[in-house]
> 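The following block contains the structure, expressed as structure tokens.
Throughout, residue positions are numbered sequentially from 1 according to the sequence presented. When reading the values below, keep in mind they use all heavy atoms of this one structure, side chains included, and skip hydrogens, waters and symmetry mates.
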Amino acid sequence: GTVRLLGNEIGLPHCIAGLMMVVVFTINIRGVRLVASINRIASCLLGVMALICLVGPFFTVRLNFHDLHWHLPHTSAFTFFQALLVWAFIASWTTYGTELCATFAPEYHNPRFHIRLALLVSSMLVIGITILSCVMLPATEGEAAINADPIGFYVDILNRIIGPGLANIAIPVMCLA
């Protein structure tokens, strides 16, 4: 249902959009400390989920490392170079998360030391998560299942690792973070 206001139809999507504008405006008014606090909470939630997905299979699921393949083309050096460029592009998007360290640099107590530390820690996290996800996710679910459902396989992995009950809680938490 919609409500007619000043000659326009206003429905639930319009109300949600207006509410989100007010929330974002309020966050901007409160300053960078509030944004940093929200970022810490979201980072912790995503960190917990990464641990569950990438370390949990060692303890809860039978892993199959025998069927993992590189899937690199062997036709020519040019084709290999194209694949390398695509993977470099994908990897670059994951490293943009480290830019957040520079965003909050003025908030650090000792910027000279803490910027270097923050960049080092965030880079190591990105490298670790990238390596673990490339090995653990296919070993947990199988390459065929991932190829069949490249987006929904995460739900299957969570169901296998923590069970359907907790997965129904974990998935909305990841979406909110």
> How far does CD1 of Ile161 sit from CG of Asn159, to the nearest 0.5 angstrom?
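Separation between the atoms: 10.0 Å.
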
> Check whether Ile115 and Leu120 end up in the same hydrophobic cluster, where Ile, Leu, Val, Met, Phe, Trp and Tyr are linked by side-chain heavy atoms less than 4.5 Å apart.
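Different clusters.
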
> Between Ile52, Leu51, Leu46, which is the residue that forms a side-chain contact (heavy atoms from CB on, under 4.5 Å) with Val48?
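Passing option: Ile52.
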
> Is Leu158 linked to Phe58 within one hydrophobic cluster, defined over Ile, Leu, Val, Met, Phe, Trp and Tyr using a side-chain heavy-atom separation of less than 4.5 Å?
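As far as the 4.5 Å side-chain criterion goes, Phe58 and Leu158 are connected within one cluster.
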
> Taking only distance into account, with no hydrogens and no angle test, what donor-acceptor pairs under 3.5 Å do side-chain atoms of residues 7-25 form with protein atoms, sequence neighbours excluded?
| residue | atom | partner | partner atom | Å |
| --- | --- | --- | --- | --- |
| Glu9 | OE1 | Thr2 | OG1 | 2.5 |
| Glu9 | OE2 | Arg4 | NH1 | 3.0 |
| His14 | ND1 | Gly11 | N | 3.0 |

> Just verifying a value: how many Å separate Glu143 CD and Asn64 CG, rounded to the nearest 0.5 Å?
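Here the rounded value is 9.5 Å.
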
> Kindly indicate, with the supporting measurements, whether the criterion side chain to side chain contact (heavy atoms under 4.5 Å, CB included) is fulfilled by Asp156 and Tyr154.
CA-CA 5 Å; Asp156 295 334; Tyr154 289 104; over 6 Å; no

> To the nearest 0.5 Å, what is the distance between CG (Leu132) and SG (Cys53)?
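Those atoms lie 11.5 Å apart.
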
> Count I, L, V, M, F, W, Y as connected when their side-chain heavy atoms are under 4.5 Å apart, and connections chain through other members. Are Ile157 and Leu166 then in the same cluster?
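Result: yes, single cluster for both.
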
> Which value, rounded to the nearest 0.5 Å, describes the distance between Arg40 atom CZ and Leu45 atom CG?
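It is 14.0 Å, given to the nearest 0.5 Å.
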
> Are the side chain of Arg160 and the backbone N or O of Thr140 linked by a donor-acceptor pair below 3.5 Å?
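Yes, Arg160 side chain to Thr140 backbone: donor-acceptor pair under 3.5 Å.
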
> Under 3.5 Å, side chain of Tyr108 to main-chain N/O of Cys101, donor-acceptor pair present?
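Present.
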
> Hydrophobic clustering (ILVMFWY, side-chain heavy atoms < 4.5 Å, transitive) - are Val55 and Leu63 grouped together?
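Result: yes, single cluster for both.
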
> Considering non-hydrogen atoms only, spot the tightest contact between Ser133 and Pro138 and give its length.
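Minimum heavy-atom contact is O-CD, 3.5 Å.
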
> So, for Ala145 and Phe153, which heavy atoms are closest and what is the spacing to 0.1 Å?
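Ala145 and Phe153 have their closest heavy atoms at O-CB, 4.5 Å.
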
> What heavy-atom pair brings Leu54 and Met136 nearest, and what distance separates the two atoms?
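Closest heavy-atom pair between Leu54 and Met136: O-CG, 3.4 Å.
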
> Take atom CZ of Phe81 as the centre, draw a 6.0 Å sphere, and report whether it contains more than 12 heavy atoms from other residues, nucleotides or ligands.
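12 or below, so no.
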
> Would you give the length of the straight line joining atom CD1 of Ile162 to atom OG1 of Thr60, rounded to the nearest 0.5 angstrom?
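Separation between the atoms: 9.0 Å.
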
> Is there a path of hydrophobic side-chain contacts, each under 4.5 Å between heavy atoms of I/L/V/M/F/W/Y residues, joining Ile146 to Ile151?
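In one cluster with Ile151: Ile146, no.
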
> Roughly how far, to the nearest 0.5 Å, is the NE2 atom of His114 from the CG atom of Leu119?
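So the CG of Leu119 and the NE2 of His114 are separated by 12.5 Å.
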
